[in-house]
Each structure stands twice: as structure tokens, then as C-alpha cells.
Amino acid sequence: CHVVGTLMTIFATGYDMLFWATFIVALGNGTVEAVINPVVATMFPREKTKWLNILHAGWPGGLVLGGLLAIGLGDASWTLKVSLIFIPVALYGIILLGRKFPVHERVAAGVSYKDMLKEAGAIGALIVIFLMTWEIGRVFELPVIVRAIIVVALTVGYGFYVKSLGRPMFIFLLLIMIPLATTELGTDSWITPLMESQMVEMNLNPGWLLVYTSFIMMMLRFCAGPIVHKLSPLGLLAACAVIAAVGLLYLSLAQGIMILVAATIYGVGKTFFWPTMLG
């Protein structure tokens, strides 16, 4: 998916081609995310949170490296910048040669695939299907009634197959993941342009702010083990929520060099959200 999507992007001649290229790359990203998390959880069943945090140090690590490359390449062709994705893709392929994946803990425990789907149930499926369908419908400008019919049909089909509404705690955690992801991923997407004017006044490339906060995340995630052991996963999530809220509020008020102080607080706060929640 990464290879095909990147090739399409590089040779794209129109908006539609760019959309489908990005869509295919996203499928590659999603596949990696869907596979690697349960693999790590299976390999380290008694230290899931610790090792998932270490695994997800790769995400901010990629942002640091990508940010440095983007800043360093400056006004170079965007196709050159996009083609850099071939480097990690090739490395992934080399690393995986000859590897054997461990037996998933669900399989080892004798839990069927259908029983696993029952955890999410019809309500969990409704949440996911609604988010996906509404976004795809927005892109393709589908009428609201068409989107609603698709959502209902797919949800009813899923519910009929699993015959379960879903485990309440699983659904609750699924809902919590939405604002959690927005705090980390959504903020990253707008923090650089939002702070652009202030950073320019300090004669700094706005991209350095994203690189800086990502570097904080990367280093802290490597140190997650002792922190999780001391605070517990729930205690860590609660502490991060407070710190991230303070950091975001501070970012909205900070001026000049104090932006870096606010970004530091925010960077610390958002660090452990995603991998700790998964664990």
C-alpha cells in the first residue's frame, strides 16, 4: 500500500489521483497500526503498556526525522519529499525477511474471531462505521440520506452476525479514544501553522515547534516503564490529561519565547495518551 500509494502520488496529474494515492498510503498506515499493536501486546503480555509506549516512540521519532528533512530540504520538490517514504518502507521489508509472527494471545487463549468481534458489538461497530461513512460521504459529497442508509445497513449486518451490543467498558474506552486522539494527532496538525507568526518573529521555522514537541514525546516514551509502574496506567492517563490541558491553555496565551515553554508542557502531557490507552 505504501509503495503503490507513494508511486501514485509522485506521478499524480490531478486532484483525484492525489486523493486515491493518499488513501492507499493511509491503508498502509492503518494496516501497520492494526498489526503491530496486538503483536507487541502478545509478545509482552505482562508489560503491555511499557512496550506499547516504547513501540510508539517511533511515531514522534518519525515526526522528528520528517520535520528535520522537510526543514532541511526547504523549497525542494514536494515529490522528492514524498518519495522519502520509500526509505522506511524498504527498511521494514528487510527487517521482516524471515521473521515469524507470534501466535496472537486471542488464538492462544482459544477465543474465536467472532467472540472477539462481540466485544465491540453493534454499538461499537456503529461508532466506527458512522465516523468512516460520514467522512467518506463528505469527500464524495454523498447525500445525508445515503450516508445514513449505509450506516444503518452495515451496523445491522454486523449486529446480526455477532448478536451482541458490545461490552460496555469496551464501548466506553472506544468513545474515550476519540477526544484522546484529537488531543494528540489533531493538535499536531494545526499547531505549526497556528504558531507560525510567533515563530517567524523569533526568526525560527515554525516546523521546529513540531520537531521539538515530538522529540519530547519520543524520549519520554522510552522511559515509560518506571513511570507506569509508579503511577499505574490510569494514574498516568489522568496526570497526562491535566498536563495537556494546561499546556494547550498556555499555548493559546503564550507570546515570544514562552511559546516554547507552553509547547514543552503540552508535549509532556500528550506523550503517553495513545500507547497507554492501548495497553
Side-chain angles (χ1 to χ4, degrees), residues 29 33 49-50 52-76 78 81-82 84-85 88 175-279:
N29 292 334
E33 181 84 7
T49 303
K50 170 187 172 181
L52 281 168
N53 269 283
I54 293 174
L55 166 70
H56 282 269
W59 169 266
L63 290 176
V64 170
L65 182 59
L68 292 174
L69 287 171
I71 293 170
L73 290 171
D75 296 328
W78 66 270
K81 296 177 181 178
V82 170
L84 292 174
I85 197 174
L175 289 170
I176 290 293
M177 288 293 280
I178 298 173
L180 180 148
T182 303
T183 303
E184 178 182 334
L185 308 180
T187 306
D188 282 344
S189 68
W190 55 252
I191 191 170
T192 298
L194 184 66
M195 298 300 169
E196 183 171 2
S197 61
Q198 293 292 323
M199 295 293 285
V200 170
E201 286 183 11
M202 295 186 289
N203 295 317
L204 292 173
N205 188 307
W208 284 114
L209 197 61
L210 181 60
V211 170
Y212 175 62
T213 57
S214 298
F215 182 77
I216 293 173
M217 289 178 63
M218 180 181 69
M219 298 307 296
L220 286 176
R221 283 180 176 179
F222 278 116
C223 305
I227 299 174
V228 173
H229 180 74
K230 188 173 183 65
L231 296 180
S232 82
L234 287 177
L236 181 57
L237 285 171
C240 284
V242 173
I243 297 172
V246 171
L248 285 173
L249 180 61
Y250 196 3
L251 273 171
S252 70
L253 303 172
Q255 300 287 330
I257 195 65
M258 296 309 293
I259 288 178
L260 297 179
V261 177
T264 301
I265 298 173
Y266 165 68
V268 172
K270 70 173 182 173
T271 291
F272 301 108
F273 272 149
W274 189 261
T276 302
M277 192 71 174
L278 288 175

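Heavy-atom basis, side chains included; hydrogens, waters and symmetry copies ignored. The first residue in the sequence is number 1, and the count goes up from there.
Of all heavy-atom pairs between Phe272 and Leu237, the closest is O-CD2, 4.3 Å. Counting all heavy atoms, side chain and backbone alike, Gly267 lies closest to Thr271 at O-OG1, 2.6 Å. Heavy-atom minimum distance, Val64 versus Val211: CG2-O, 3.6 Å. The minimum heavy-atom distance between Thr49 and Pro233, with the atom names listed, is OG1-CG, 4.0 Å. In this structure, Lys270 and Arg221 approach most closely via the heavy-atom pair O-NH2, 4.2 Å. Here the shortest heavy-atom pairing between Pro275 and Leu52 reads CB-O, 3.4 Å.
Side-chain contact between Leu84 and Leu73: present, with at least one pair of heavy atoms (C-beta onward) separated by less than 4.5 Å. Leu68 places a side-chain heavy atom less than 4.5 Å from the side chain of Trp208.
Distance OG1/Thr182 to CE/Met177: 10.5 Å, rounded to 0.5 Å. Phe273 CZ to Asn53 CG: the interatomic distance, rounded to the nearest 0.5 Å, is 12.0 Å. To the nearest 0.5 Å, atoms OG1 (Thr213) and CE (Met218) are separated by 11.5 Å. Once rounded to the nearest 0.5 Å, the distance linking CE of Met258 with OG1 of Thr264 reads 9.5 Å.
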**Pair Leu278-Glu33, side chain to side chain contact (heavy atoms under 4.5 Å, CB included): steps then yes or no** = CA-CA 11 Å; Leu278 288 175; Glu33 181 84 7; 4.3 Å; yes
**Leu63 vs Met217, side chain to side chain contact (heavy atoms under 4.5 Å, CB included): CA-CA, chis, key distance, verdict** = CA-CA 10 Å; Leu63 290 176; Met217 289 178 63; 6.0 Å; no
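Sorted by first and then second residue, the side-chain hydrogen bond (donor to acceptor under 3.5 Å, both in side chains) pairs with a member in residues 228-243 form an empty list; sequence neighbours excluded.
Taking a 6.0 Å sphere around CE of Met219, one finds it holds 12 or fewer heavy atoms contributed by other residues, nucleotides or ligands. In the displayed structure, Tyr250 atom OH is contacted under 6.0 Å by more than 12 heavy atoms of other residues, nucleotides or ligands.
Listed for the Lys81 side chain is no donor-acceptor partner under 3.5 Å among the backbone atoms of Asp75.
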